[in-house]
Every structure is written in structure tokens, then in C-alpha cells.
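Here is how names work: the chains are called A, B, and so on, in the same order as the sequence lines, proteins then strands, and each is numbered from 1.
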There are 2 protein chains.
Amino acid sequence: MTEDGTLTRPPHTGVRVSGEHPMCELRDVLDRVGDKWSVLVMSLLGDGSRRYSELQHSIEGISQRMLTLTLRSLERDGLVTRTVTPTSPPRVDYALTPVGVTLSEQVSALMRWAEEHRGYVAESRVRHDAGSS
Amino acid sequence: MTEDGTLTRPPHTGVRVSGEHPMCELRDVLDRVGDKWSVLVMSLLGDGSRRYSELQHSIEGISQRMLTLTLRSLERDGLVTRTVTPTSPPRVDYALTPVGVTLSEQVSALMRWAEEHRGYVAESRVRHDAGSS
DNA sequence: CGGCATCCCGAGAGATACTG
DNA sequence: CAGTATCTCTCGGGATGCCG
């Protein structure tokens with residue numbers, strides 16, 4: 001994310017894999033999925049729409065700045081919608097779009113993988129760290 | 001990754017989602033998947049084992065440092081194996097473990113998602129950027 | 001060939017303060 | 001309440017140089 005508020009993905013170092021795979025578009029998705037806050041937000045919105053403040057309090061440790069930046073980015077990509085209800089005090093609700101739902105389902109698949117293999121990974125680490133003591 | 005060479009995921013700011021979801025283990029996976037180089041390496045190893053130098057030349061733009069760090073990290077997590085053949089000159093081959101293969105399959109699923117929806121995301125961005133001119 | 005050690009820089013995360 | 005603006009500082013990661 002750039003300083004000026006726009007969320008244009010900056011200078012990918014022009015990565016290119018041998019077999020001419022379409023890695024570029026994959027990177028966009030991976031940047032999304034790899035983003036700490038995006039995933040947490042999408043995970044919460046998977047259970048239904050939430051207000052800004054609900055998100056802020058549900059996600060322990062996120063700053064206002066990062067929450068806003070994350071939501072703007074998700075909105076820009078058409079993954080979440082932002083609905084303003086101009087009451088007083090104002091109310092803003094966020095929800096996943098249909099496409100956003102499909103991505104969050106992919107993330108769920110990844111969560112399942114994580115749960116299935118977390119023991120294995122943990123053991124591997126212990127074993128590895130013990131060996132190279 | 002820490003300075004001293006260990007790859008212990010440092011100070012996660014103690015993220016915790018409302019409903020006591022097991023986000024912690026998910027983060028490990030997402031850090032893996034979100035990592036630019038890890039994914040590229042696993043993608044290449046998905047086609048069979050590779051030598052260090054093959055990986056380095058196949059992945060345009062990766063530095064020695066990053067390739068080594070990435071491989072060590074993947075090895076530590078039990079996702080790739082490192083096989084040294086002490087010939088002269090020495091030869092080192094890397095390959096996915098069975099569990100590594102299952103993760104790379106998840107990544108493939110994500111790639112499919114990316115291809116299916118990349119047009120949508122691109123359009124959303126254009127539309128959004130046009131609107132908020 | 002296949003690394004590790006060192007120096008260095010800039011993007012990006014957090015904290016804080018202000019606004020419609 | 002729901003943001004924007006600014007300032008600071010960490011640390012990911014590139015470049016370079018040396019070892020087994």
C-alpha cells in the first residue's frame with residue numbers, strides 16, 4: 001500500500017517463473033490471502049455483515065489505520081461492500097460480495113489444511129530445531 | 001525471519017479474533033502461502049525435485065539470501081526435503097514432502113480461483129478508481 | 001557449487017492527534 | 001461513530017563478500 005492512500009500494488013520485482021506460468025495474477029490473490037488483516041476481516045464478514053466498530057473490537061490489535069486501509073482495499077477489489085447509513089451518529093456496514101464469499105471459502109479450505117497438518121508442522125519444527133542445536 | 005538465522009515467527013501482535021477461532025495456526029499457513037518466494041519454490045518443486053542452482057535460475061529475481069532462507073524455512077516446517085550429495089562439486093537437491101505436496105495442491109486451488117476471478121477484480125479496481133477520481 | 005555473514009535502505013505497520 | 005493525517009521506526013530483503 002502506498003502512502004498517498006491508493007492501494008496499487010507497487011513494484012513487483014517482475015517475477016517470472018520458468019514455464020511461463022501466470023504468476024502475476026496469482027500474486028494479487030496471494031497478497032490478499034497473505035495479508036494478516038484481510039483474512040481476519042473476511043473471516044469475520046463470512047458470518048454476516050459487520051459495522052466498522054464491531055470489526056475494530058473483534059480484531060484485537062488492529063489499528064484504525066490498518067482496518068480502514070484493509071477495508072478500502074477489499075472494497076476496491078470488489079470483495080466487500082461498504083454501506084453507509086447516514087443516521088446520527090453515522091453507521092457503516094461492511095459485507096462480503098458474492099465473489100468475496102468464494103474467496104473466503106478458499107481461505108476456509110486453507111484453514112482446514114492448517115488444522116489437519118498443524119501437528120505435523122509443529123513436530124517438524126521441534127525436530128529440526130533440536131537437530132541443528 | 002529473525003536476524004540470527006532462526007525462522008521463528010516473531011512478535012505476532014497477539015492477534016485474537018472474537019469467537020476464539022484458532023487463528024494462530026492459520027497464521028502460520030497464511031504466512032507460508034502469503035510469502036512470495038515460498039509459493040514460487042513450492043510451485044516449481046511440484047513438478048519434481050530441483051537443484052539449488054536450478055531454482056535460482058528458474059525464479060527470476062530471487063536473491064541467494066532469500067532462496068536459502070525460504071528453503072530453510074520450508075525444510076523446517078517439513079514441507080521440503082534437502083538432500084546433499086557430497087560429490088565434488090557438491091550437489092543439493094530439494095523436493096516436496098508428501099505434506100508439502102498437499103499444501104501445494106491447496107495453492108493450486110487458489111491459483112484456479114485467481115484465474116477465474118481475475119477479470120472481475122481488475123474491473124472492480126478500474127470502476128472503483130474511476131469513481132473516486 | 002552452495003551456502004552464511006554483514007551492511008544498508010525503503011516500504012509499511014503502529015501510535016497519536018484531529019475532523020465531518 | 002467512522003474515519004483522515006502525520007510522524008516515527010521496525011525489519012524484510014537486496015547487494016556484496018567470504019567459506020567448505
Donor-acceptor under 3.5 Å (B:Thr81 side chain, B:Thr97 main chain): no
Distance test, side-chain N/O of B:Arg72 to OP1/OP2 of C:dG3, below 4.0 Å: yes
N or O in side chain of B:Arg51 less than 4.0 angstrom from C:dG2 OP1/OP2: yes
NZ/NE/NH1/NH2 to OD/OE distance under 4.0 Å, A:Glu123 and A:Arg127: yes
Ion pair B:Arg118/A:Asp28, N-O distance below 4.0 Å: no
From CG (A:Leu45) to CG (A:Leu55), nearest 0.5 Å: 5.5 Å
Options D:dG3, D:dG13, C:dG3, nucleotide nearest the side-chain atoms of A:Gln64: D:dG3
Between C:dA11 (P) and A:Leu69 (CG): distance, integer Å: 15 Å
Atom-to-atom span, CD1 of A:Ile62 to P of C:dA15 - whole angstrom: 12 Å
Per B:Val92 side chain, nearest of listed nucleotides D:dG13, D:dA2, C:dG3: C:dG3
D:dA2 phosphate, OP1 or OP2, under 4.0 Å from A:Ser53 side-chain N/O: yes
Nearest-Å distance for atom pair CD/P, residues B:Glu75 and C:dG2: 15 Å
ILVMFWY cluster, A:Val126 and B:Val29 together (side-chain gap under 4.5 Å): no
Below 4.0 Å: OP1/OP2 of C:dG14 and any side-chain N or O of A:Trp37: yes
Between B:Thr83 and B:Tyr94: side-chain donor-acceptor atoms closer than 3.5 Å: no
Spacing between B:Leu71 atom CG and C:dG3 atom P, to the nearest angstrom: 8 Å
Any A:Tyr94 side-chain nitrogen or oxygen under 4.0 Å from OP1 or OP2 of D:dG3: yes
A:Met66 side-chain proximity, nearest of C:dC4, D:dG3, C:dG14: C:dG14
Interatomic distance, A:Arg65 CZ vs D:dT6 P [rounded to whole Å]: 12 Å
Sugar-phosphate, base or nothing in reach of B:Gln56, heavy atoms under 4.0 Å: nothing
d(CD, B:Glu54; P, C:dC1) in whole Å: 12 Å
For atom NZ of A:Lys36 and atom P of C:dG12, their distance in whole Å: 15 Å
Sole candidate of A:Val41, A:Leu44, A:Val92 that passes side chain to side chain contact (heavy atoms under 4.5 Å, CB included) when paired with A:Arg50: A:Leu44
Proximity to DNA chain D (any heavy atom under 4.0 Å), residues of residues 80-91 of chain A only: A:Arg82, A:Pro89, A:Pro90, A:Arg91
Nucleotide D:dC1, atom P - distance to CZ of A:Arg50 in whole Å: 17 Å
